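Here's the structure we're looking at; comments come further down.
Just so you know, ligand 1 is whichever comes first in the structure, and atom 1 is the first atom listed for that ligand. Source: prediction; values computed, not measured. Note: hydrogens, waters and symmetry copies are ignored here, and every other heavy atom, side chains too, is used.
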Amino acid sequence: MTTVASSVPSSVLAAAEAYAREKLRGRECGHDFFHADRVRRTALRLRDAEGGDAGIVELAALLHDVADPKLVPDVAAAQQDLKDFLRGTGISSADLLHVLSILEGMSFSKELAGIQAEKTIEFQVVQDADRLDALGAIGIARCFAYGGSRNQLLYDPAIPPRTQMDNKAYREEKSSSLNHFPEKLFLLRDRMNTATAKRWAEKRHAFLVEYRDTFLREWDGEDFEGSVIPA
Ligand code: ADP
Ligand code: NI
């Protein structure tokens, strides 16, 4: 894949990195700057395979959680601050609108609300990278870290995983971190936009399934020596 020259100057990327570091300081550890940085690295690797403007990808990856509605106390203020920051960088208005539409369209919660953003290739790789970071060993750590930050149970056998959810139920009803696996994390593999991310998701998805199976066996002590493991 040939590299597409980016219209985003490197000075803007440096400023966006500094801005993201500052805004994500002290964040719940599954959505901190390290998460933004992993998403940036994965998104840029996906872009190498899938194409797109690297500068737009990097900018959107760095900023994608800065104004996340579930993480900031004042969403309108955080969004305004982000827009002011982007305008102040002097990027073109086309690039500004593109980055903002990626950020607005990205989250799963927005999809539940029925909002459809135009899926440019840059949008697709950043969203795929964010979803890949919710899978695999790191995805498991993030899930329980997030649950812990909300004082959510690890697991409760009396609460079945929800199969149909609207946005309100998704955020407000009591569930458990282990239920988050079938409720959301298991769905991500088939929601990847790009062929490359679909391939990369396979191993991480399989690890989640195996982890949950093991968790449930341990819950009932079926992993102990002498236990009869159901076929
Ligand atoms: P969303 O907008 O759907 O919340 P994010 O990518 O911002 O998506 O957040 C996803 C990360 O937060 C994942 O790693 C996921 O494990 C964690 N997370 C979100 N909601 C929950 C929940 N109810 N229980 C456990 N983890 C959660
Ligand atoms: Ni994210």
Side-chain angles (χ1 to χ4, degrees), residues 16 20-21 23-24 27-44 46 57-72 75 78-79 82 99 102-117 122-156 159-163 165-193 197 201 204-205 207-209 211-212 215:
R21 275 186 198 280
K23 295 294 167 186
L24 299 173
R27 274 288 172 84
E28 179 270 307
C29 61
H31 293 86
D32 57 6
F33 181 77
F34 283 118
H35 164 65
D37 185 49
R38 289 191 302 271
V39 172
R40 162 168 65 173
R41 286 184 281 124
T42 303
L44 286 172
L46 287 171
V57 167
E58 185 166 351
L59 210 45
L62 283 168
L63 301 175
H64 82 276
D65 273 338
V66 162
D68 185 320
K70 71 179 175 310
L71 302 166
V72 294
V75 184
Q79 286 177 345
L82 179 57
V99 172
I102 296 175
L103 303 185
E104 281 166 17
M106 248 182 71
S107 86
F108 187 85
S109 347
K110 292 255 175 61
E111 271 181 29
L112 286 172
I115 298 168
Q116 278 295 337
E122 291 83 1
F123 175 104
Q124 293 182 39
V125 297
V126 178
Q127 186 175 52
D128 284 353
D130 192 33
R131 289 174 167 172
L132 284 165
D133 206 54
L135 304 181
I138 290 176
I140 294 169
R142 293 181 66 222
C143 178
F144 288 106
Y146 182 90
S149 78
R150 304 289 152 118
N151 205 23
Q152 176 171 266
L153 295 166
L154 297 179
Y155 175 57
D156 182 342
I159 308 175
R162 298 164 293 181
T163 48
M165 275 182 287
D166 59 18
N167 211 354
K168 200 164 139 59
Y170 174 57
R171 291 278 170 245
E172 291 175 12
E173 278 174 14
K174 196 172 149 76
S175 191
S176 67
S177 294
L178 198 71
N179 277 1
H180 196 60
F181 285 55
E183 287 175 359
K184 178 174 165 194
L185 302 180
F186 288 170
L187 311 179
L188 295 177
R189 176 187 59 172
D190 295 329
R191 289 172 164 263
M192 295 295 164
N193 301 297
R204 291 186 179 193
H205 176 88
F207 190 66
L208 288 187
V209 173
Y211 176 87
R212 179 169 178 272
F215 185 112

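Within the structure, ligand 1 lacks R131 among the residues with a heavy atom less than 4.0 angstrom away. For the pair R150 and ligand 1, no heavy-atom separation below 4.0 Å is found.
Here H35 reaches the Ni ion (ligand 2): one of its N/O/S atoms is less than 2.8 Å from the metal. Taking backbone and side chain together, D130 holds an N, O or S atom under 2.8 Å from the Ni ion (ligand 2). Among the atoms of D65, an N, O or S atom falls under 2.8 Å of the Ni ion (ligand 2).
The minimum heavy-atom distance linking V39 with H64 is given by the pair CG2-CE1, 3.8 Å. Residues M192 and L135 approach most closely at CE-CD1, 4.0 Å, considering heavy atoms.
Polar contact with ligand 1: absent for D133 (N/O pair, distance under 3.5 Å). Looking at S176 next to ligand 1, no N or O pair under 3.5 Å apart turns up. Polar contact check, Y146 against ligand 1: no nitrogen or oxygen pair lies under 3.5 Å apart.
Panel note: side chain E183, backbone P161; no donor-acceptor pair is recorded below 3.5 Å. With R212 contributing its side chain and F181 its backbone, the two residues share no donor-acceptor pair below 3.5 Å. Listed for the R131 side chain is no donor-acceptor partner under 3.5 Å among the backbone atoms of R189. Using a distance-only test at 3.5 Å, with no hydrogens or angles considered, a donor-acceptor pair links the side chain of R27 to the main chain of V66. A donor-acceptor pair is defined here as one N or O able to donate and one able to accept, closer than 3.5 Å; no such pair exists between the side chain of D156 and the backbone of S175.
Atoms of ligand 1 lying under 4.0 Å from any heavy atom of R142, numbered from 1 in the order shown and given with element: 11 (C), 14 (O). Those atoms of ligand 1 that come under 4.0 Å of a heavy atom in D68, given as number and element, are 7 (O). Those atoms of ligand 1 that come under 4.0 Å of a heavy atom in H31, given as number and element, are 5 (P), 7 (O), 9 (O), 10 (C), 11 (C), 12 (O). Short contacts between ligand 1 and Q152, defined as distances under 4.0 Å to a heavy atom of the residue, involve ligand atoms 22 (C), 23 (N), 24 (N), 25 (C).
Across G147, S177, C143, heavy-atom proximity to atom 16 (O) of ligand 1 is greatest for C143.
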Could you go through D68 and H31, starting from their C-alpha distance and side-chain angles, then the distance that decides it, and tell me whether this counts as side-chain hydrogen bond (donor to acceptor under 3.5 Å, both in side chains)?
CA-CA 10 Å; D68 185 320; H31 293 86; 4.9 Å; no
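Contacts between D130 and ligand 1, counted as non-hydrogen atom pairs separated by less than 4.0 Å, involve the side chain only.
Side-chain contact annotation: Y146 with R142, donor-acceptor N/O pair under 3.5 Å absent.
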